[in-house]
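In what follows, a structure is listed as structure tokens, so that the remarks can point back to it.
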Amino acid sequence: MFIVNVEGAVYRDGQWLVITRSMKEEHAGGTLSLVGGKVDEEGHSQEILERTVRRELFEEVGIRVKDEAAFVYSSSFVTDDGSHVINVVFLCEYEEGTAYCKSPDEVEAVHWLDYEAIMNHSQAPPWTKESIRRAALMKENSCSS
């Protein structure tokens, strides 16, 4: 059985929204990450992944994104406790709010960083860099169409 996790790649004014995960987090505490979280069971539901990413962005950092969220890519990993996770990244368009550490148990710090700053950040793990790389490529391709 998989845990399903979603993350939002939010871009605004040349920068990406990333967080430093709280050290209280079971997985990857203290690392740079996109904002996201686990999908809740809802029974029969439409657009559960997109709704979850919007909810997580608001719950963790207090911002709202537009309803449209574009699938970037999915991956899987196994946590330190042996849980199997499917991770789904969405490109989200910022709508309103000032990002802050709304959920300090999950978020230690909030950052708006450009692509190079994330790629060169000492606390950015390979999976965060890959998510930003793919989201940036998708954003670039959608802007040139």
Side-chain angles (χ1 to χ4, degrees), residues 1-22 25-80 83-104 106-145:
M1 182 76 87
F2 281 97
I3 294 169
V4 179
N5 190 71
V6 296
E7 294 181 315
V10 181
Y11 186 81
R12 183 184 77 174
D13 300 328
Q15 298 183 319
W16 296 95
L17 174 64
V18 290
I19 60 169
T20 301
R21 292 173 58 86
S22 169
E25 286 282 38
E26 292 176 26
H27 175 71
T31 62
L32 208 62
S33 173
L34 295 175
V35 177
K38 296 176 187 169
V39 176
D40 295 334
E41 291 183 26
E42 292 185 4
H44 297 283
S45 183
Q46 302 290 318
E47 298 183 356
I48 187 171
L49 301 178
E50 296 85 345
R51 214 173 34 263
T52 299
V53 77
R54 288 192 301 271
R55 183 193 77 228
E56 289 290 337
L57 282 158
F58 184 73
E59 287 178 359
E60 291 187 15
V61 298
I63 68 159
R64 295 198 189 277
V65 293
K66 296 186 178 176
D67 284 347
E68 302 79 27
F71 173 81
V72 176
Y73 84 115
S74 62
S75 60
S76 65
F77 62 92
V78 180
T79 63
D80 293 340
S83 298
H84 292 260
V85 179
I86 293 174
N87 193 61
V88 182
V89 177
F90 288 95
L91 181 59
C92 302
E93 189 175 346
Y94 171 83
E95 187 168 48
E96 65 181 7
T98 300
Y100 68 101
C101 297
K102 186 175 178 182
S103 179
E106 298 172 293
V107 179
E108 188 171 303
V110 175
H111 318 276
W112 286 98
L113 300 174
D114 67 23
Y115 181 88
E116 291 303 320
I118 294 168
M119 293 302 155
N120 295 315
H121 199 285
S122 63
Q123 294 304 112
W127 56 87
T128 298
K129 291 178 182 181
E130 180 65 10
S131 295
I132 292 294
R133 185 189 72 75
R134 288 181 182 235
L137 186 60
M138 180 180 222
K139 182 170 186 347
E140 181 180 304
N141 287 340
S142 69
C143 288
S144 63
S145 316

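Remember, it's a predicted structure, so these values are computed and weren't measured experimentally.
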Measuring only between side-chain heavy atoms, which start at C-beta, is [X] closer than 4.5 Å to [Y]?
X	Y	value
Asp67	Glu50	no
Val88	Val53	no
Ser75	Glu130	no
Thr52	Asp40	no
Leu57	Leu17	yes
Trp16	Lys139	yes
Asn5	Ile86	no

Quick one: do Glu96 and Arg64 make a salt bridge, cutoff under 4.0 Å?
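So Glu96 pairs with Arg64 through a salt bridge.
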Would you say the side-chain atoms of [X] pair up with the backbone N or O of [Y], donor to acceptor, closer than 3.5 Å?
X	Y	answer
Lys102	Glu59	no
Thr31	Pro125	no
Gln123	Gly30	yes
Arg54	Cys92	no

Test Thr79 against Ile3 for side-chain contact (heavy atoms from CB on, under 4.5 Å), laying out the working first.
CA-CA 10 Å; Thr79 63; Ile3 294 169; over 6 Å; no
Among Leu91, Val35, Val10, which residue satisfies the side-chain contact (heavy atoms from CB on, under 4.5 Å) criterion with Val65?
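Of the listed residues Leu91, Val35, Val10, the side-chain contact (heavy atoms from CB on, under 4.5 Å) partner of Val65 is Val10.
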Do Val18 and His121 pass the side-chain contact (heavy atoms from CB on, under 4.5 Å) test, and can you show the C-alpha distance, the side-chain angles, and the key distance before you say yes or no?
CA-CA 11 Å; Val18 290; His121 199 285; over 6 Å; no
To the nearest 0.5 angstrom, please state how far the OG1 atom of Thr20 sits from the CG atom of Leu32.
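Interatomic distance, Thr20 OG1 to Leu32 CG, rounded to 0.5 Å: 5.5 Å.
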Between Ser76 and His84, do the side chains contain an N or O donor and an N or O acceptor separated by less than 3.5 Å?
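Absent: no donor and acceptor within the cut-off.
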By the salt bridge (charged side-chain N to carboxylate O under 4.0 Å, His left out) test, which pairs, at least two apart or in different chains, include something from residues 106-127?
none
Can you run down the salt bridge (charged side-chain N to carboxylate O under 4.0 Å, His left out) pairs that involve residues 118-128, sequence neighbours left out, and say none if there aren't any?
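For residues 118-128: none.
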